[in-house]
Visitor: 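Got a structure here, written out as structure tokens. Questions coming.
Every chain is numbered from 1 and lettered A, B, ... according to where its sequence line falls, protein lines coming before strand lines. Nothing here was measured: the structure is a model prediction, and the numbers come from that model.
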There are 2 protein chains.
Amino acid sequence: MRVWESIAEALRDAIQSGHYPAGAKLPTETELATRFGVNRHTLRRAIAGLREEGLVYSRRGAGVFVQHRPTEYPLGKRVRFNRNLLAAGQTPTRKLLLMETRNADRAERDALQLDHSTPRVHALEGLSLADGEPIALFRSVFPAQRFPALPGHLAKHHSVTEALRASGLNDYVRDSTRLTAKIASPTQASHLQLNAGAPILRAVSVNVDLDGNPVEYGRTWFAGERVSLVVGED
Amino acid sequence: MRVWESIAEALRDAIQSGHYPAGAKLPTETELATRFGVNRHTLRRAIAGLREEGLVYSRRGAGVFVQHRPTEYPLGKRVRFNRNLLAAGQTPTRKLLLMETRNADRAERDALQLDHSTPRVHALEGLSLADGEPIALFRSVFPAQRFPALPGHLAKHHSVTEALRASGLNDYVRDSTRLTAKIASPTQASHLQLNAGAPILRAVSVNVDLDGNPVEYGRTWFAGERVSLVVGED
DNA sequence: CCGTATTTGTTCGTATGTATT
DNA sequence: AAATACATACGAACAAATACG
């Protein structure tokens, strides 16, 4: 077995045993390297393996941290919510609930890969309807520096894709989507016209331009009773 | 821009322009390194990038080759429960609840494209656990005529993939997956050790062999609190 | 079939850049 | 402003798998 693999294994065990709980910072690379008696490169190879597994993440200048998240399950590369809503032939509309420009929070900064010099994001919240029936609540943020005129375009156009195009972004693709089932909060239930305790499907997604730069970080809550997402069959 | 990125870009262009057609062997790492005027490590980093994109693959002792897989073979087509959990650093186990051979119902007939002469299916129900914690209930059916000895193999092996391989199916891919949020039924909640009314994620999927023939029709109910499905980021 | 040269994979060493604390 | 910590790059050597005469 390769040296870096056994080190990765040891670190994985330490994380899973709770020695390094979620969010905890691992010792520095140099520290771990000497502790395991290997070169820093070898240790970094082990870290890279854990990072690929999604078990840890690295922040330059800060450290390596334990990712806090439940079980994850890769499904496929491509999701197209708009096309895959089983409502074939329904007319989609959008109802704007909020639009503002503010500083990004931690999750948004990480997802959009913003540094501290460009903390501003345009935030957009709204309701998606099909034939007048509410289907989903969404909350999207866009890097403000890259799309300074986006709020105006979002107000004018009725689709995010069009507004982004008007801001100079011709094409973008979905990088990743995380899905989980939740219970609707009272506010969400009211917006989606659901009963209290109704199941909803939460999707957290990142869209990137063709160079891989994040352009949108979005969270969407689908009414579980009304929506079925399809993965594959592109 | 990082050096290795620009090299990856140059190589990507060369591949996409047809300079290195599908299946072709790239020059050796040392050769390319001197050609680009960088260290072999730097060039290897570029190759690693292309490999992550699925554009090339490496064979030790042989070389680096151009992958032939334009659009028809998008990544993420392979969904393997055990492998996914292992990659996440969790120990997968399976608890069998039921195994029987019976006639297919309407949905199963349609999904597996069975005609009335071959109505029999092997049905498999069970519980999937990660590190001992139940994360999903599954119900799978397989065409009995194609895999006559499958029940024995399912009992012996601890993974569906292995059992199918023992039945002569070397490889299969996911054709489509449909996702919805639901509320757990009392039975489901009890199996998954969830409270009544807990949200679950229902996935309905079809796996096909490399010729496109359906080999498995499965329904899975994930514990919403414990599982997050990931689309993309293979 | 064997031995050898080739080619990728792994490891150690060292230096410098850059973001965070 | 300084120290810390991860990121990138160059150099060297050996191991492991493959290809070839």
Visitor: Given side chain to side chain donor-acceptor pair (under 3.5 Å), test B/Thr220 with B/Arg202 step by step and report yes or no.
Guide: CA-CA 6 Å; B/Thr220 311; B/Arg202 191 194 62 178; over 6 Å; no
Visitor: To the nearest Å, give me how far apart CZ (A/Arg44) and P (D/dA5) are.
Guide: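 Spelled out: CZ on A/Arg44 to P on D/dA5 is 14 Å.
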Visitor: In whole angstrom, give the distance that lies between atom CZ of A/Arg2 and atom P of C/dT11.
Guide: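 Rounding to the nearest Å, CZ of A/Arg2 and P of C/dT11 are 8 Å apart.
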Visitor: If only side-chain N and O atoms of A/Arg59 are considered, is one of them under 4.0 Å from the OP1 or OP2 phosphate oxygen of C/dT21?
Guide: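 A/Arg59 to C/dT21 OP1/OP2: side-chain N or O found under 4.0 Å.
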Visitor: Between A/Glu108 and A/Arg102, does any side-chain N to carboxylate O distance fall below 4.0 Å?
Guide: yes
Visitor: Under 3.5 Å for both donor-acceptor distances, Watson-Crick or wobble: does D/dA1 have a partner, and if so which one?
Guide: none
Visitor: Indicate, yes or no, whether a donor-acceptor pair under 3.5 Å links the base of D/dA7 to the side chain of A/His41.
Guide: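 Answer no: no donor N or O sits under 3.5 Å from an acceptor.
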Visitor: For B/Lys25 and A/Gly61, take the nucleotide of DNA chain C holding the closest heavy atom to each; which residue's nucleotide lies nearer the 5' end?
Guide: B/Lys25
Visitor: Given C/dT11, D/dA19, D/dC6, identify the nucleotide with an atom nearest to the side chain of A/Val64.
Guide: D/dC6
Visitor: Figure out the CG/P separation between A/Leu50 and D/dC6, and round it to whole Å.
Guide: 14 Å
Visitor: Is the CD atom of A/Glu31 crowded by more than 12 outside heavy atoms at less than 6.0 Å?
Guide: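 Yes, the 6.0 Å shell around CD holds more than 12 heavy atoms from other groups.
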Visitor: Rounded to the nearest angstrom, tell me the gap between atom CG in A/Asp115 and atom P in C/dT20.
Guide: 6 Å
Visitor: Measure the distance from OH on B/Tyr57 to P on D/dA17 and round it to the nearest whole Å.
Guide: 18 Å
Visitor: So, B/His157 side chain and B/His153 main chain: donor-acceptor pair closer than 3.5 Å or not?
Guide: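 Yes.
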Visitor: Answer whether the closest heavy-atom distance between the side chains of A/Pro143 and A/Leu114 falls below 4.5 Å.
Guide: yes
Visitor: Strictly below 4.0 Å: does B/Arg40 bring a side-chain N or O up to OP1 or OP2 of D/dC10?
Guide: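 For B/Arg40, the contact criterion (side-chain N or O under 4.0 Å from OP1 or OP2 of D/dC10) is not met.
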Visitor: Rounded to whole Å, please give me the gap between CZ in B/Arg51 and C1' in C/dT7.
Guide: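 One finds 13 Å between C1' of C/dT7 and CZ of B/Arg51, rounded.
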Visitor: Please determine whether the number of non-hydrogen atoms from other residues, nucleotides or ligands lying under 6.0 Å from atom NZ of B/Lys95 exceeds 12.
Guide: no
Visitor: Tell me if the aromatic rings of B/Phe147 and B/Phe142 count as close, with their centers under 6.0 Å from one another.
Guide: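 No, the ring of B/Phe147 stays outside the 6.0 Å limit from the ring of B/Phe142, centre to centre.
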Visitor: Taking atom C1' of D/dT8 as reference, at what distance in whole Å does atom CH2 of B/Trp4 sit?
Guide: 10 Å
Visitor: Closest nucleotide of DNA chain C for A/Leu43 versus for B/Gly63: which of these residues is on the 5' side?
Guide: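 Taking each residue's closest nucleotide, the earlier one in sequence belongs to B/Gly63.
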Visitor: Which listed nucleotide (C/dT20, C/dG9, C/dT11) is nearest to the side chain of A/Ala62?
Guide: C/dT20
Visitor: What residues in residues 28-39 of chain A put a non-hydrogen atom under 4.0 Å from any atom of DNA chain C?
Guide: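 Residues of residues 28-39 of chain A that come under 4.0 Å of DNA chain C are, in numerical order, A/Val38, A/Asn39.
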Visitor: Measuring to OP1 and OP2 of C/dC12, would you say a side-chain N or O of A/Thr42 lies under 4.0 angstrom away?
Guide: yes
